[in-house]
Every structure is written in C-alpha cells, then in structure tokens.
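Please read these numbers as outputs of a predicted model, since none were measured by experiment. We name chains A, B, ... by the order of the sequence lines, and we start the count at 1 in each one.
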Amino acid sequence: MADLVSHPDEVKVVSRRFGQGAANLDRYLELDGYKAVQKALSIGPDAVINEMKASNLRGRGGAGFPTGMKWSFVPKQAPKPKYVLCNGDESEPGTCKDRLILEHDPHSVIEGVVVAGIAVGSHTGYIYIRGEYRYLSEIMQKALADAYARGFLGKNIFGSGYDFDVYWHGGAGAYEVGEESALMESLEGKRGVPRIRPPFPAVVGLWGGPTVINNVETLASVPHIMLGGGEWYASLGTPKNGGTRLFCLSGHVAKPGVYELPLGYNLKKMIFEVGGGIRDGNKLKAVTPGGSSTPVLKADECDVGMDFDQLMKAGSMLGSGGVVVLDDTTCMVKYLQRIMMFYQHESCGWCIPCREGTDWLKKTLNRFHAGGGVEKDIGNIQYLAENMLGRTFCPLGDAAAMPAISIVKKYRNEFEDHLNGRPCPLEAKALEAVPA
Amino acid sequence: MRFSDSFESRFTSMLGHYPTKRSVLVPTLLYMQDELGYLTDEAIRDIAQRLELTELEVRNVISYYSMLTTRPRGKYNVQVCRNISCMLCGADDVIAHLKKRLGIAHKGTTADGMFSFEEVECIGACSWAPAMQVNYDFHEKLTPENAEKVLDEYRRKGSQ
Amino acid sequence: MPDVNITVDGKKLAVPAGTLLIEACKSVGIEVPSFCYYPGLSLQGACRMCLVKIEKMPKLQTACTTVVTEGMVVSTEIDEVRQARKAMLELLLANHPLDCPVCDAGGECELQDMTFSYGAAESKLIDIKNHKDEQQWSPVVYFDRPRCIMCYRCVRICGEGMDVWALGTANRGSAQLIMPNHSDYLECEECGMCIDICPVGALTSGAYRYKTRPWEMKHVGTVCTHCADGCKTTLGVRRSPTGMQIVRGDNRDKSGINGDFLCIKGRYAFDFASHDHRIQQPLIRREGRHVPASYDQAYEHIALRLKEIREQHGGHAIGVIGSTRTSNEESYLLQKFARLLLGTNNIDHHRTADFPSFAGALARKKDATASMRDVFNAPAILLIGNDPTEQHPLLAWQIRNNVRLHRARLYVVNSSPIKLRRQAASFTQIPAGSEPQLAAFLAGDDSAANALASGEITREALAALRDKLRGEPNLIIIFGSELRGSSIDSLVRFGAAISGAKFVCLGDYANSRGAADMGLYPDLLPGYVPVGSGARFHEEWGAPVPTEPGMNLLQMVDAAKAGRLKALYIVGANPVARYNLDPFALSKTFIVAHDMFLTETALLAEVILPAANAYEKSGTFTNTCGDLQLLKKAGDITTVKSDFEMLLRVADRLGFDLRQLVPFRQAERADLGQSRGAQSGEADRHAIWLEAHGLEPKLSPFDPIAMLDEIQRLVPGYDVSRVELLAGNDQHTSIEAGVASSIASQPELILPANDTLFTSGTLGRYSRTLNSVIENPRRAPADKADREVVV
Ligand SMILES: Cc1cc2nc3c(=O)[nH]c(=O)nc-3n(C[C@H](O)[C@H](O)[C@H](O)COP(=O)(O)O)c2cc1C
Ligand code: SF4
Ligand code: FES
C-alpha cells in the first residue's frame, strides 16, 4: 500500500523483491525463494552461525547487536524448547521499514526465522506483528499457510528430517512491547512489562526456553546472507557494519521514502541527493538519525557515515533507521515536547524514573512550549533527563532521555527564546492547546 | 458468548500454537473487540473462562494495550498519527480540521455513532506522512482536504 | 556451595553463592535502600532505589536483582549512587500528595524515612500533580492512589503470599495503578497483608484510618485470640476514657511464628474488645432480672451458694466448664480450683479435636509433634481433612509458602476440593466421612481402600500415594478433627515407619490445645495424666483430690436436667449456643459465668462476672501445634477483671488458702531440700524448681506467672526455656512420653468450630469488622469466593 521509491545509489538486498509480487509463494520461489533454508539445512548450524558472523550483520531493531554472536549465545543443549521470535512490533517513531518487508516479502522473514531456528537448534518460531498492521498479519497468515501447504514448514521440512513450525502473533498497541523482554511477555499473554535481565533471552526466554529475538529486517537479511555469503554481505558496508539497511527518510525532505543504502552511507548525501534535499527550499536544521530515541544531530553534524560506529562517535545512534529531517521552520522545543508526549504515553510504568520522569518532562514541556516556561524549567528538563539516563528498568527511559538531553544542549537558545510568556517564536499557533 | 465462525476457528487454531493457553490473549482480545466494537464485561468473563484466567488479569492486560478498549466506539475509528514525522508534515492541521469537521475531541464519538476520533502515536507511515488509520486501513500523505474526503467516503459507506 | 568473596564500600566479605547483593550488603550492616524489594517475594527491580556502582559495569546496577559474583567490587555511598537515590525520591515525591500530616502512615512511612535519609526536600517541579480520589475497596481496605509509589508489594503479597490474586496492575505509564479484582471493589480474604506491606499510606485499613498518629500508641506484642494457630500480633493501644483501647493490630516486628502473616481476625478483629455490649460490671439475677452488683457482692454470693451446695450435696454436684480462650494459667487454675477446692472432677470444655487420643497415640514417642515453624520448613507435608485456608489461616500460609519458597511437596487428602490443593503435588478426594478409613489404609489395612476408592481415585492410586508418602522422610502429617480415637492411632502407626515424621492435630480456638494440655477434662489431669494416676499432682497440691473421673460436658447437662448437678461454674464458654443446649435443662442449676458478653449461656447465669479477654491479660497460650507463647496485656477496661483474678477472689471467699492454689511467696517456707532431700517429699519442690531455673518467687497470687511456674514444673512437656518465652519467642512444648497410652477419649464430644475466615465463635459475633465483611452486599456468597482455579 505504501509507495515505493528508488534511487540509483540504492543497493537492493532486503528490498530486492519489493514490488515484485513476492508475497505470492510461486513468485517468491522464482526469486530464489526458500533456497536459503535448504542451504542452511545442508551446511548445518555451525556453518550458518559462522556465515552470519562473517556477514557483520548487526541487529536492525535498534541496538545493533551482532546477529551471529547473538545466535551463538544460545546454549546447544537446553532442558526447555528453544524459540525464534521475530520482532515486528515496529513502533519507533520515524520507522516504517518492517512494514514494507512484511508487505512485499513476507516469505523472506519466514525464511530468516527458519534459518535462525536451524542455527540455534530450535523448532518453533513466532512472528510478532504489531496490532495496527492488521493487513500485514493477514498477508503473513497467508504466507505461512502457503509455506505449510508446500511442506516448507511443519514436519520434516524439505525432506531434511528437521521439523520447524512458524506462527504469527498479533499485538494490540504498545511501543514498549518492541523491547525484547516485553515482547516475550506480550506474546505470553501478559502486560508488556520488561523482564529482569540477566538472564538474557538467549538463555531464558519464551516460556523459560532459550530464545533468539531479531528484528524483521535483520531476519529478512538472513536469506540473502545465506545465499550471497557472509563475506559478500560484509563487503557491502563498512568495517564491523556489514551490509545494507532500509533507511526511512521522513520529515522535511523533498522525496521521503524507504531507501536501501549501504551502511556507512553519508547522511548529508542521503538527505540532499537521495532525499532530494529540504523541501520548500528551506534550510536543514537538524536530523534525528535513527528513530525518535536517538540524539539529534545539528545540520553541521550531518556529514557523517551512517553506520553504528560512526554515529556513535558523532554522539548519536543508528537506531532503527528512521531518519527524520527537520528544516529551519521547526521549533525544537515543540519537537522535543512531541517526542516526550510519545514516551510518556508509551512508558509501561514499571519503574519510577521512566514513569515519573517522562510524565514530568511532558508536563513541563507542554507548559513551556505553550508560553508558560520559567527559567528553571530548562535546568529541570535537563536534570530530569539526566537522572533517567542509564537508571531505568529498560532502555525506554534512555530513549526518552537521550533526545531531551541532546536537544536542550544543542538548542538551549530556543528554549530561552520561549521564556517569559513568549509564545513559540517559530510557530504562531503554538498557544493552541496541545492535546494531552 | 457467540462469536463468528472465523473467530472461533482462528481461536482454536491459535490455541495450538503455544505451550500455554494464555498466550492467545492479546490477539484474541483484539479480534473480540473487532466483532463487538469494544470489550464488554461479558466478553471479558468469556475470555477469562476460556483461558482460565481471572477477570482481573484480563482487565489488567486490556488496560495496558492502547488499541483495546472497554468503551463503545464509533463504527469507524479515525486514528490520526501525531508523532514526529507526521507532525513535521502537517498532522496538526489534519487533526484540527478533522476534529472540527466531526465536532468531537480526542477519543470522542460522533452522536450518530459513525466516527470516533483518536490521536495516536506512530503508526509506521513516517515516510508517507501525515497518515491515519480508519479502523485498520491506512490513509497516507494526508492534507486536511483529502483527509476529509476519506471520511466522507466512509460516511457514505457507513450509512448504506 | 562455596562462599563468594566481594568487596562493598571497602569491606571485604564472604557470602553464600546465590546471595543477592542487597542481602549481602545488609549482612554487614550496609543499608541499600529499597521499596520494591521484599524478602520472600519475587524480584521486581522497579523502584531503582537500590542502584549501586559495581566495578566494570558502565551503568549503576540494582542491588536487589544482582547476584553476587566472585571478586565483585561494589560502592554504595559514592556521589553517583547518592544522586541516583535522591533523584528517584524527587521523582516519587513529585507526584506525591505530601499529605503526611493526616496520612495514617505518617511517622512510619518508608518514603518519609528515605527522604529524611537521602534528602530530596527541595521540590523543583511546578506542574500540577496527577490526582485521583481515594477509593474504598472493601470494608477493610481503602486505596489512595496518589500516595502509591508502585512498589507492587501488595500485588505480590496478595498473589504469591496469599494465593488470592485479588490485586493487579492496570493501565500503563503514569496512569498505571493498582486495581482490585472487581475494578472498583475488592473481594478477597481481607487479610490486610497488602495494607501492612505498603511502604506508604496508599493502602489503609477501615479499622485504623484516621484514628490516631502512630507515635501516640503504645505497641504490645501478644498472641491473637482467634483461631488455634497462635499468630503473634502487635497491638497498638491508646488511652481511652475506660482504660487502654486497642486501635490497631499488625505484626510489624515480624518476630513471631507468623513472620509477615496475619489474617483478618488477627489484624482487625480485636474490636470485639471495645464493643458496646461488653459487660462492664458484675450482674446478679434477682427476681428474674440481672441487676448490677459490686464485685464484693458477686463474690460473696457465689461463695455462699457454692459452699452451701458443696456442703449439702458434695463436690460431684458441682460442674465446671472451662474455656478455649483463657490462658493456660487460667485453665490450670480452673481445674485446680475444681479438683482441689470444689472437690470435683466434673470439668470439661468445648472440645474441637481429640487431643487425648493424640497424646495417647504419641506416648513414648519423642519429638513427634511439629511446631508451626516446622510446617514452613518441612520437605513434605501430608494434610488430611480440615480446610486450613478458612480454619487455620496461618497454617495454610506456612504450607503455601513452604511450597513456594522451599518447594516442599504437599499431599492433600480431603473430601472437598479445598483451596490448598492448588499448592499440592497430589490431591486425593475421598468420600466425606471416610477419613478414618484413610488412616486405616495408610496404616496398612488394604481392605479400608474399599471405602475410599471411587472414580479417579483407584486402589492403585491410593497404594501409590501411600508408597510415595512412605518415601518422604521428615514428613509432617497434619490432620483435622475428622480423625479421632483409634484413627489417630492408625495414623501415628503409619507415621512411625517414616523417619523423622511429625504430627499436627488441628483444634479450633486460640487456646484449645492449652485447655486440653491443662487438663480441662473430667478424666485427665494436666498433661493428659489420668485422674487415677495423678500422684505427682496430689503430692504437690498437698491435699487429696477425687480420683474417679467426673462428668463430661454433656453428662453434666443431663445431670443438671435431672437435678443432680446443682451448680455449674462456666468460664469463658458458651456451651448453650455451641452445643445447642436446651436452656431449660439448666434452669434449676446455680450458674456462675465469667464472660465478656451476655451470651446465650451467660443469660442463664445467676451471677455474671465481667471478664477480660486475652488481649487484656498476661499469661500464655499454646497453639494447636503445641507452641507456647506469652500473652501480654495490651488493652484495658478498668471495670473488668481477668478470670484468673476473679477465680482467686472466689476461692478466697470460700476460705481457701490461696497459697495452695497459686504457689506464690513460698520461699520462706522452703527448706530447699538440702538436709532431707528433695525426694523425701518434705522439701518445697516448687521452690527448688524456681531456684534451679533462676526464677524469683512471685509476690502476688494474682501474678499468673506464678501459676506458669507450677505448670512448667508439673505438666509434662512444658518445661521450656523461660527466657525465650519472656523474650516473646515461641517455645515448642511436647506431648511427652510417660503419659498413659490408653486414654479412653470420647470422640463423640468433639465438635469442630467450623469457623470461616470471617467468623470466630462468639467473639466474631461482636466484631464490627468481621460483620461488615460478612454483610458486605458486594461480596459474592462465601461458597463462590476463591473457588475458581487461578493458574
Ligand atoms: C523501548 C524499546 C522499543 C523497541 N522497539 C522495537 C521494535 O519495535 N522493533 C524491533 O525490532 N526492536 C525494537 N527494540 C529493540 C529490541 O529490544 C531488540 O533489541 C531487537 O528486537 C533485537 O533485534 P535485532 O538484534 O535484530 O535488532 C526496542 C527496544 C526498546 C528498548
Ligand atoms: S491465623 Fe489464626 S492466629 Fe493467626 S491471625 Fe488469623 S485467627 Fe489469629
Ligand atoms: S529495590 Fe531494587 S529496584 Fe526496587
């Protein structure tokens, strides 16, 4: 349903089959479908994991953990069944890539799940899809049924003697459920409250069994790595940052869309060449490079390669690949307020710093942006965010704190401009009541 | 309670997908809600019994998930994204316009029961912002005008 | 497992592997603050108060979820940690109503204390706090959402600890709140555990809220006066116009056998003590009406009539009925009063368990009874009959939490699907009334299986159960009043084959075990010594006492009806209601009643003495397991007196030498047995015993401890450590070897109380709290409650 875009700089790996009707199993098979599973079955778990390690594939869900390594943490022998869990809760603001994969290439996700299962010795996989993506759930259910019908799933897949079941699962609206341990809780039919770690899911996960959790895009990349080889995949990106990823360009760019670019691709180039520059002839002001959780980069910080390490060095994060571009008409106070409303809405409420911190940040920012700001608010915003950072039960608190800290630090002047009853200088409508 | 055959068959097959019954709870609640409009007390009792849970456990889960509701809603639930990408691309205008047109506020329902309106968080349409969902259907690259047309279309469909 | 070496704030320590860091710190006196961490409940890591610095970890870590590892180096007092704590408090206080001046928890609030310790006095934030009105969830439980800090203790204690699961967490983020099982009201066991475990004043009790400030109370640790489990309870008392009023019950020092636990009765049902209907002065019936009299008049009247009857008709024309709720000292005194002074063995009490048969079966077995603490630690438990969840709430708690925390194996055999089956490794439902056959079957009589097998319970299943139980060393065997007489014998024989097996016999009221142990039987002296073989008592008491068994309770009533029993002295008992007696049967009998209320029985009395209850006196209680505990006087109504004192006053009026009844101030008469020897019988054994135990002679006959001296000396199994006892600790008494093993019990006299969580015999009828729960219109009928299985 969502429009597809393209640009010559794109290197299409995960998006290779987009727009090709690959949700249809026959079509998928024409496009090298289910060959990766067969290869994985033939080379065996150790070789699969080695291939994955060689690929330098890092998780596309946000944290960028090396996938091969994650899989290798799963104990070979376990008293309880092992599981593969595909994280399709995609809810990070600015991110809309898993949706395209699930729509255009659902079988690649199934294949990724099966390969992961073979690698860790699991026989069951779940694909968790956020509740809002009902149409994608339906596409997935059909894809699964088709795969079962052909014997690609179930008992003795591809005549290998290996059994593997894959099931879909639906959410019902909760960002926090994207966090891996909350995801498991949700799948088990509970409130999406994260779990205490350690133990990590690779050791104790779903129903107590070792569980591999990967993002949709991560798993969709796996079949390509299986077929193209780890080394080939690694060579597409930068050192330790293998391959390509889907960047979701949004905000004030002329040509927003989801583009597949190699890791390490320059951000400025991404905005100005791939994205067609800032729209309406405005100037670039800031970029949120990896979804709302990541610290903003100022315009002059955007000459940076988009991979996990370079962005880390630049003081931000690659995150989930949601590149949100802000032009110079944007009020950064309002932007932060908007972000904080989100985190306040989505905090699960389990721990004090996140529950209370997001709430007070939101309240303060709402009042502040509406013109009721006082001097000490600026310090308070910073104080609250800094005292959440690193101290919450799960990273949602960090996700709320990081943009706040970076925005106050980098755009303090804009906060000062809002003081003393002055309405937002950038936006005449700012005094309009903001919905709670 | 009586639910559609497709509900029951999905429910039964899902029970076989997991080692514990409870695991079907979240998706099942959403499907129940689709059939009933909202999660009634009776539905809560029903699912609690099916899954051998207490009603409290079911309610606790319901109240956690933002798509689940225990209050009646309109036939069409209009959910406009207010998150960053959409906001940057004019969601505020769309929201203000639709609210005015429908004459209801956030989480309100029109008197005729046709529409409910809700501002929601990111729905995964950032590159096609601003966006909304009406029930489960996405509508993207909205302007106040084309958003209104979309609703007109639903109104027409809904009053047939 | 070997110990793990860690360093905390420069201190090196070794703790067992698997220890949580927060506990390791506590063990060397380093306090790591916490709200959500609570020993014995599941870990949460939610409040983030316990963040500490661990070397090599980039972020602060929660001490409550971190298990110590070898070489761990921890800092708990560095600036980074202090700042984190301070910030957590600031965030909590930001939305806290700060209504400390009127809050029930003010003065004993963990949030206040932490704020005081870690300093977060300045409030930086200026926006409006989120508010939600206070809600009443049940007659007992109130919830004030804004005060709640979301530590989830209440949810866990209710679910994990109580297995009630009536509280949950609803909504999310800052809208998250604790929700009761009916959304806006609570239907549960009303145990109040959630209230006491709440670190702040978010959950408050209907019984206590807004009554007083905590520092205005005096706190007295005593023993609950309701069921037979003997929970230690701390009563908060405050001056009142008539003495000292009990305003709160809790168990904050957690020192008792019950640890955290109290049920609704222990926590709230002290209110009978201040009921309006409390008898506050002696009453004498004149011309058919009870009219107030002075104590002197009452004692005089009683003495006169008793003397007359004794002289005219002999001691056997007088009967005595004791109480299951008076202290051991009072019961002991009462039987001595009957035997020595009135010259009768016509003494009995409301029997709720066959303790005599139990004692007989255990004769010559050492250490064969289990204490309430043992029940929490045993590797395996067999429960036959009874429904402890309703009738023995503490016992049920011990069993449940032993299963949960120590993975004990619980075997339940019952004629109903009692709630404890949820914790059971095996549940065997047998036909009602077939418990004796079960005992026989366990003891090896295979033919008894006929009466038991039905449906799923096949003979094979029963045999398998028996085999399994035989392979459970240190099994604790707990049985209800369904087993009596020879069935208890069978069960004990079965247990004899299991190494380390111990028993608990379940009786019903707070001191029914004590009443039995103290010899409130027509045929048994204290310690289950048959009246015919009570030489040691006779010798001590220095006077002959009747050696023929007297009449039991029902025989006494029959004799009264037939005009043979002329007088009945009833202390703290309501046999008319309990045994559903025909009041006219007693119309010709002179009745004296000690009571708190005008019960069905007291109404028949010619003289009524206003009695203090167990919360208003000192002494000891023995719980159903045989654990002896000290009662301390908490409440006080100046116009009532203890049964102990009143009995002595009557004895005095009867012209009896009180020294013979209560061994006080006998030191000057003692020759300490030095010249002629203790065995000669001329020495004052009592004084020797006191001397040997380092105890002082008592100065007053009204000091019940003087009676305890004698009990400890004479009653087999009661010679436990006095120091421990006085320190407020439970001491397990034993049913000792040497007691005659052939006790002819009268099982037909046993009448279980069948109390529920919300009833407590006559006392319960005068408890506003219990009644308000029973009458709560929102409650489903009792049979519906908690009968659904929660997984
Ligand atoms: C608050 C929060 C929300 C998250 N949401 C998502 C999500 O929607 N989708 C996702 O794939 N990962 C999400 N993550 C990351 C997951 O916890 C996890 O790291 C990821 O699914 C692992 O997959 P990967 O290694 O393939 O990236 C989220 C993390 C946090 C802390
Ligand atoms: S369990 Fe028994 S002893 Fe303990 S508080 Fe309840 S009634 Fe009192
Ligand atoms: S005590 Fe550790 S987080 Fe609450």
Side-chain angles (χ1 to χ4, degrees), chain A residues 1-3 5 81 90-96 98-99 126 130-135 137 165 167 169-175 177 186-193 207 248-252 256-258 288 292 322 324-327 330 334-335 338-339 341-342 345-346 348 429 432 435-436, chain B residues 10 13-14 16-31 33-34 51 53 57-58 60-68 79 81-89 92-93 95-96 99 105-106 119-129 131 133 135-138 140-141:
Chain A
M1 286 219 294
D3 300 346
V5 286
E90 180 163 80
S91 309
E92 173 84 4
T95 315
C96 49
D98 296 344
R99 186 177 150 196
Y126 294 96
R130 68 179 290 191
E132 291 86 345
Y133 288 177
R134 170 60 65 83
Y135 79 105
S137 259
D165 285 304
Y167 306 112
H169 188 92
Y175 166 71
V177 156
S186 179
L187 192 110
E188 291 182 13
K190 304 180 191 145
R191 295 163 57 80
V193 170
W207 304 290
C248 320
L249 264 179
S250 72
H252 294 144
V258 178
T288 286
S292 63
V324 186
V325 179
L326 281 60
D327 72 12
T330 317
K334 177 164 182 187
Y335 187 65
R338 196 40 264 184
I339 288 178
M341 283 171 71
F342 168 72
H345 188 258
E346 299 298 333
C348 81
K429 287 176 293 184
E432 236 174 57
Chain B
R10 180 170 19 235
S13 80
M14 280 190 82
H17 295 177
Y18 312 89
T20 62
K21 275 192 189 179
R22 181 176 184 147
S23 297
V24 305
L25 181 59
V26 175
T28 302
L29 284 169
L30 199 52
Y31 284 107
Q33 177 170 299
D34 290 344
L51 303 182
L53 299 171
E57 285 172 295
V58 175
N60 289 169
V61 168
I62 292 171
S63 65
Y64 180 90
Y65 292 92
S66 56
M67 292 173 75
L68 300 176
Q79 305 147 81
C81 174
R82 62 185 184 188
N83 216 302
I84 44 176
S85 303
C86 288
M87 176 191 87
L88 293 173
C89 298
D92 288 358
D93 296 338
I95 289 170
K99 274 182 176 171
H106 178 51
E119 296 168 35
V120 295
E121 300 300 351
C122 182
I123 53 176
C126 319
S127 290
W128 311 283
Q133 277 190 285
N135 295 348
Y136 292 105
D137 293 334
F138 280 89
E140 292 160 343
K141 297 195 170 162

- Query: Does A/R134 make a cation-pi contact with B/Y31, if we ask for NZ or CZ under 6.0 Å from the ring centre and within 45° of the axis?
  - Reply: yes

Select one option (side chain, backbone, both, neither) describing which atoms of [X] are under 4.5 Å from chain B's heavy atoms.
{"X": "A/T330", "result": "side chain"}
{"X": "A/V5", "result": "neither"}
{"X": "A/V258", "result": "both"}

- Can you say whether B/A125 sits under 4.5 Å from chain A via the side chain, the backbone, both, or neither, judging by heavy atoms? both

- Message: Need one label for B/K141: side chain, backbone, both or neither, based on atoms under 4.5 Å from any heavy atom in chain A.
- Response: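 B/K141 touches chain A through side-chain heavy atoms alone.
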
- Task: Would you mind telling me which of B/V58, B/N83, B/V61, B/I62 has the largest number of heavy-atom pairs within less than 4.5 Å of chain A?
- Result: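 Most pairs with chain A among the choices: B/N83.
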
- Query: Taking the side chain as C-beta and beyond, is there a heavy-atom pair between B/L30 and B/Y65 under 4.5 Å?
  - Reply: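 B/L30 does not reach B/Y65 side chain to side chain.
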
- Query: Do B/R22 and A/K190 touch side chain to side chain, with heavy atoms closer than 4.5 Å?
  - Reply: yes

Please identify, among [options], the residue contributing the most non-hydrogen atom pairs under 4.5 Å to chain B.
{"options": "A/D98, A/V193, A/T95", "result": "A/T95"}
{"options": "A/H252, A/H169, A/E346", "result": "A/H169"}
{"options": "A/I339, A/D165, A/L187, A/V177", "result": "A/L187"}
{"options": "A/C248, A/P81, A/S186", "result": "A/S186"}
{"options": "A/G131, A/S137, A/G322", "result": "A/G131"}

- Short N-O contact, A/R338 and B/E121, less than 4.0 angstrom: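 Salt bridge: yes.
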
- Take the angle between the ring planes of A/Y135 and B/F138 and call it parallel below 30°, perpendicular above 60°, tilted in between.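 A/Y135 and B/F138: perpendicular rings.
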
- Item | Mutual orientation of the aromatic rings belonging to A/Y175 and A/F342 [parallel < 30°, tilted 30-60°, perpendicular > 60°] | perpendicular

- Go through the structure and list residues passing salt bridge (charged side-chain N to carboxylate O under 4.0 Å, His left out) with A/E90, not counting sequence neighbours. none

- Message: Under 3.5 Å, is there a donor on one side chain and an acceptor on the other for B/Y136 and B/D34?
- Response: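 Yes, because at least one side-chain N or O of B/Y136 sits under 3.5 Å from a partner of the opposite role on B/D34.
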
